[in-house]
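Just follow the structure's listing: the first ligand is 1, and inside any ligand the first atom is 1.
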Amino acid sequence: MGCWPDGLAEIKPTEPDTGNAGEGRPVIDTTHASSRPRVAIIGAGAIGLAIGWRLAEAGCAVELFERGAAGRGASWAAAGMLAAGVETEPGEQPLLALTRPSQALWPVFAQELAAASGLDVGYRDEGTLVVALTRDDAEQLRNLAQFQRGCGIELTWLDGAGAREREPYLTPRVVGAVFSPRDHQVDNRRLVTALIAAATAAGARLYEHTNASVDLAGGRAVGVRCGDRRVPADIVVLAAGAWSRSVDGLPADLALPVRPIKGQMLALRMDPTAPLIRHVVWAPKAYLVPRRDGRLLIGATVEERGFDGANTAGAIYGLLDGAWRAVPALEELAIDEMWAGFRPGSRDDAPILGPSGIDGLVLATGHHRNGILLTPITADGIRDYVLTGALPEVLQPFGLARFTRPRPVAAAAHA
Ligand code: GLY
């Protein structure tokens with residue numbers, strides 16, 4: 001244990017399981033480490049861990065506080081799709097300014113993380129197929145693809161035979177498909193395991209099963225409190241996902257528009273040497289994500305149910321039915337797992353990044369359906385903000401202020 005103020009030594013940091021972590025890590029100039037801010041991060045999911053890793057690499061003293069087990073919230077429940085293309089729906093064009101550059105960062109981010117942690121994060125780049133199973137589906141898919149192409153997203157239309165050439169176990173009924181060559185996937189569970197190893201190897205301290213509240217004094221964040229203990233920090237980063245709004249110590253008037261959006265999922269077990277599918281496949285009523293270890297993830301519902309974590313018969317039936325209609329052979333597969341998670345949804349489905357309006361308190365939350373995709377750009381952008389005080393331009397449209405500033409009169413008149 002290091003030297004902790006106020007008896008904090010009683011909070012035991014989680015021992016890092018680093019394996020050969022550190023080997024081959026990029027060399028970071030820590031010459032000025034002593035002048036780096038001390039940072040406390042509330043929330044150790046993919047976002048908090050990645051910010052902690054990047055800041056620790058840059059020479060900051062980083063403490064991460066997680067109410068449960070690190071990486072076991074939405075980051076564990078996710079499917080790991082890096083789908084800036086096919087997940088873009090009408091109305092979400094502004095989000096492309098963030099999702100596309102983050103998607104482009106992913107290959108290097110995965111390599112750097114593997115080097116820093118010694119762990120492979122299961123990044124796969126086969127692309128994504130969105131399939132139409134009826135003529136109506138095909139019409140809808142053509143319209144959506146036309147919109148997405150208009151946003152500059154690269155897509156190829158395939159007829160039924162072309163779709164089955166790529167994925168032979170697709171139903172013979174498949175009418176057509178869109179192939180998105182840039183929408184890939186990462187194994188999100190491996191990702192958080194690697195982030196824990198990389199962050200702790202870089203010097204970050206991780207406190208699991210520790211409720212931290214924001215410590216405010218004189219109107220600014222001066223650290224966190226864990227029970228009656230105080231941990232001073234120059235900067236506090238709030239990265240608590242769907243729980244961000246309920247973190248203690250936040251002023252009542254900081255109304256963070258973040259709420260849990262429940263997603264139910266399940267996994268089947270394929271033979272990893274003969275997987276039924278190799279691409280991520282979106283069917284009209286479910287998506288299917290094949291992992292190298294043979295797991296086939298099927299997701300996901302989108303439900304306003306608060307923090308109700310139950311798996312329901314109707315939801316699991318609906319997902320299985322949706323997946324089976326696209327890939328009938330999966331009915332032979334064993335069920336491996338069922339689970340539910342809570343996406344941190346914001347009011348406009350985009351993340352909330354940067355200043356909170358309270359000195360010393362920085363926000364990195366509300367990533368909704370895109371937390372894994374947006375991990376690299378969020379981590380780099382928040383690191384730069386903490387180190388320089390200047391929010392990178394790409395993050396600027398995604399601040400909390402967009403919910404609080406008055407709407408322009410003309411826009412309001414047409415609403
Ligand atoms: N991005 C996939 C999901 O939220 O279910």
Checklist line | Distance from atom 4 (O) of ligand 1 to nearest protein heavy atom, with residue and atom | finding: R343 NE, 2.7 Å
Next item on the list: May I ask you to identify the nearest protein heavy atom to atom 5 (O) of ligand 1, giving residue, atom name and distance to one decimal place in Å?
Entry: Y287 OH, 2.6 Å
What atoms of ligand 1 come closer than 4.0 angstrom to any heavy atom of [X]?
| X | value |
| --- | --- |
| M81 | 2 (C) |
| A300 | 5 (O) |
| E87 | 1 (N), 2 (C) |

Margin query: Under 4.0 Å, counting heavy atoms only: does H368 come that close to any atom of ligand 1?
Written below: no
Margin query: Determine whether the aromatic ring centres of residues W324 and Y317 are separated by less than 6.0 angstrom.
Written below: no
Item checked: F307/W243 aromatic ring centres below 6.0 Å -> yes
Check: For the residue pair Y123 and W106, does the interplanar ring angle fall in the parallel (under 30°), tilted (30 to 60°) or perpendicular (over 60°) class?
Finding: parallel
Next item on the list: In plain terms, say whether E337 and R189 are close enough for a salt bridge, that is, a side-chain N and a carboxylate O under 4.0 Å apart.
Entry: yes
Check: Just wondering, more than 12 heavy atoms not from Q93 lying within 6.0 Å of its CD?
Finding: yes
